[in-house]
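Only a predicted model underlies this, so the values are computations on that prediction, with no experimental measurement involved.
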Amino acid sequence: MNSFRYKSFLVIFIFLHLSAFDVNGQLPKDGDMWYKSGMKAKETSDYTAALQFFETALRHKGDSVKILTAMGKSKHALNKFSDAVWYFEEALKKDPIFLPAMSGICLSLALSGEKNEAVRFCDKAVSEYPDSAISRLNRAKVWIELEKPELALEDLEILSFNFPENLSVMLTHGLALYELGKYQEAATYFEYVVSTIESHASGHHNLGMSYMALGNNEQALQAFDRAIYHNSDLSSALFNRGLLRIGMKKQEEGCLDLERAKNLDKSLAEEAFERFCR
């Protein structure tokens with residue numbers, strides 16, 4: 001945690017700690033205040049601070065199932081998938097059919113390499129809560145992650161019918177179609193996402209990938225430009241724009257993109273940088 005973030009968090013934490021005392025000078029026993037503070041930090045993507053608040057909430061007898069699940073989601077957001085699985089498992093020991101924990105663990109398991117367990121939890125979540133959007137959406141994401149996008153389509157078609165304007169559904173549906181090689185159809189979903197939220201960097205990146213697969217290089221370049229404009233650290237967009245520029249005989253610009261992508265994610269771009277730019 002950098003110095004500025006640490007000092008800012010410390011000031012907030014001390015203020016909340018002092019304001020937590022009741023008129024008798026006692027801390028609340030339910031820990032709700034600490035949980036709410038953690039959720040606020042999580043909403044601003046400050047997951048490190050959120051985890052600090054959640055840990056304090058647990059010590060003060062907060063709702064452990066909700067808190068453990070929130071900690072799992074925070075760990076997942078920090079790409080600490082094995083840690084996330086542990087917190088979700090602890091939550092499910094206390095409530096075996098708590099939907100947020102069930103749907104959360106299936107994604108974290110998939111990304112930590114435990115594929116069979118991921119599918120088992122996803123299926124269980126859908127079985128217990130067949131009308132839940134999040135259970136079906138997460139199962140679809142897991143199928144895409146496991147490179148079986150055709151299995152994701154049934155859930156996504158149900159979700160697209162019931163929630164036709166949900167951007168997470170639209171984005172995931174587009175990804176499944178892209179993985180199936182249906183690039184033009186995928187592009188229509190991504191176009192909807194970015195037309196609804198212009199600043200949706202991932203939507204622009206995925207649209208660029210679809211255009212590139214269709215051979216529409218100029219449109220792809222514009223989409224990657226917009227993705228990077230909205231998120232200058234989006235390594236996948238830098239990587240793919242770099243490859244596209246090199247393919248368009250813009251070697252110097254492409255190598256600059258690949259170098260930036262390599263600095264952000266060495267495993268993603270190092271091989272391409274060494275191949276094209278050395």
Exercise for the section: Please confirm whether the backbone N or O of Phe276 pairs with a side-chain atom of Gln251, one donor and one acceptor, at under 3.5 Å? Expected result: yes
Problem - Closest heavy-atom pair and its distance - Leu238, Ser232 - result: CD1-O, 3.7 Å
Exercise for the section: Applying side chain to side chain contact (heavy atoms under 4.5 Å, CB included), run through Glu90 and Met71 and close with a yes or a no. Expected result: CA-CA 11 Å; Glu90 291 300 302; Met71 294 178 84; over 6 Å; no
Exercise for the section: Flag the pair Leu159 / Asn166 as yes when at least one side-chain heavy-atom distance between them is below 4.5 Å, and no otherwise. Expected result: no
Practice task
Answer yes or no: is there a side-chain heavy-atom contact under 4.5 Å between Leu258 and Ile246?
Solution key: yes
Exercise for the section: To the nearest 0.5 angstrom, please state how far the SG atom of Cys122 sits from the CD atom of Glu117. Expected result: 11.0 Å
Exercise for the section: Show the numbers, then the answer: is there a side chain to side chain donor-acceptor pair (under 3.5 Å) between Asp46 and Thr48? Expected result: CA-CA 6 Å; Asp46 193 348; Thr48 302; 4.9 Å; no
Handout entry: Distance (rounded to the nearest 0.5 Å) between Cys106 SG and Asn138 CG
Key = 5.0 Å
Problem - Lys262 bridged to Glu259 by N-O distance under 4.0 Å - result: no
Problem - Hphob cluster co-occupancy, Leu146 + Leu151, side-chain heavy atoms under 4.5 angstrom - result: yes
Handout entry: From OH (Tyr47) to OG (Ser74), nearest 0.5 Å
Key = 7.0 Å
Exercise for the section: Determine yes or no for a side-chain-to-main-chain donor-acceptor pair under 3.5 angstrom, with Arg139 supplying the side chain and Ala152 the backbone. Expected result: no
Problem - Close side-chain approach of Met212 to Leu221, heavy-atom, < 4.5 Å - result: no
Practice task
Step by step, work out the ring-ring contact (aromatic ring centres under 6.0 Å, His included) result for Tyr35 and Phe53.
Solution key: CA-CA 6 Å; Tyr35 172 74; Phe53 284 120; over 10 Å; no
Problem - Contact check, side chains of Glu198 and Arg226, non-hydrogen atoms, under 4.5 Å - result: yes
Problem - Neighbour count above 12 (heavy atom, 6.0 Å) for Glu271 CD - result: no
Practice task
Kindly indicate, with the supporting measurements, whether the criterion side chain to side chain contact (heavy atoms under 4.5 Å, CB included) is fulfilled by Leu167 and Leu171.
Solution key: CA-CA 6 Å; Leu167 296 187; Leu171 191 69; over 6 Å; no
Practice task
Taking the side chain as every heavy atom from C-beta outward, state whether Trp143 and Pro149 have any pair of such atoms under 4.5 Å apart.
Solution key: no
Fill in the blank from the handout: Closest non-hydrogen atoms of Gly174 and Tyr189, given as atom of the first, atom of the second and distance, are CA-CB, 3.8 Å
Handout entry: With Lys66, the side-chain contact (heavy atoms from CB on, under 4.5 Å) member among Leu68, Thr69, Asp63
Key = Asp63
Exercise for the section: State whether the side chain of Asn231 and the backbone N or O of Ala201 hold a donor-acceptor pair below 3.5 Å, judged by distance alone. Expected result: no
Exercise for the section: Return the minimal non-hydrogen interatomic distance between Ala227 and Ala237, and the atom names on each side. Expected result: CB-CB, 4.1 Å
Handout entry: Side chain proximity check, Val85 to Glu89, heavy atoms < 4.5 angstrom
Key = yes
Practice task
Give a yes or no on this: more than 12 heavy atoms of other residues, nucleotides or ligands lie within 6.0 Å of atom CD of Glu150.
Solution key: yes
Exercise for the section: Look at atom CD of Glu274 and say whether more than 12 heavy atoms of other residues, nucleotides or ligands are closer to it than 6.0 Å. Expected result: yes
Problem - Same cluster (ILVMFWY, side-chain, under 4.5 Å), Leu78 and Ile67 - result: yes
Problem - Short side-chain to backbone donor-acceptor contact, Ser132 and Tyr129, under 3.5 Å - result: no
Exercise for the section: Measure across Asp257 and Arg245 and return the closest heavy-atom pair with its distance rounded to 0.1 Å. Expected result: OD2-NH1, 2.9 Å
Exercise for the section: Find the distance between CG (Asn216) and CG (Leu207) and round it off to the nearest 0.5 Å. Expected result: 10.0 Å
Fill in the blank from the handout: Closest non-hydrogen contact found for Ala101 with Ala91 is CB-CB, 4.1 Å
Exercise for the section: Please answer whether the main-chain N or O of Asp123 pairs with a side-chain N or O of Ser127 as donor and acceptor at a distance below 3.5 Å. Expected result: no
Problem - Asp265 side chain to Ser267 side chain, donor-acceptor N/O pair below 3.5 angstrom - result: yes
Practice task
Determine whether Lys141 and Leu107 make a side-chain contact, defined as any pair of heavy atoms from C-beta on separated by less than 4.5 Å.
Solution key: yes
Handout entry: NE2 on His173 to OG on Ser168, rounded to 0.5 Å
Key = 14.0 Å
Practice task
Hey, could you give me the NZ/OH distance between Lys75 and Tyr87, rounded to the nearest 0.5 Å?
Solution key: 5.0 Å
Handout entry: Given Leu92, Val126, Ile134, the one that forms side-chain contact (heavy atoms from CB on, under 4.5 Å) with Met102
Key = Leu92
Exercise for the section: Flag yes if Phe239 and Ile228 sit in one hydrophobic cluster, no otherwise; membership is Ile, Leu, Val, Met, Phe, Trp, Tyr, and two members link when side-chain heavy atoms are under 4.5 Å apart. Expected result: no
Problem - Under-4.0 Å salt bridge between Glu43 and Lys40 - result: no
Handout entry: Sub-4.5 Å side-chain heavy-atom contact between Leu175 and Phe190
Key = yes
Practice task
Could you tell me whether a side-chain N or O of Thr172 sits under 3.5 Å from a main-chain N or O of Val169, the two making a donor and an acceptor?
Solution key: no
Exercise for the section: Tell me whether Leu243 is reachable from Met209 by hopping between hydrophobic residues (I, L, V, M, F, W, Y) whose side-chain heavy atoms are closer than 4.5 Å. Expected result: no
Practice task
Answer yes if Phe163 and Leu156 sit in the same cluster of Ile, Leu, Val, Met, Phe, Trp and Tyr residues linked by side chain heavy atoms under 4.5 Å apart, and no otherwise.
Solution key: yes
Exercise for the section: Any chance you could lay out the side chain to side chain contact (heavy atoms under 4.5 Å, CB included) test for Met39 and Phe54, step after step, and finish with the verdict? Expected result: CA-CA 8 Å; Met39 293 302 289; Phe54 293 143; 3.8 Å; yes
Problem - Residue pairs involving residues 191-223 (criterion ring pair (Phe, Tyr, Trp, His ring centres under 6.0 Å); sequence neighbours excluded) - result: His204-His230, His205-Phe224
Handout entry: Closest approach of Phe88 to Lys73 (non-hydrogen atoms, all atoms of both residues)
Key = CZ-N, 3.5 Å
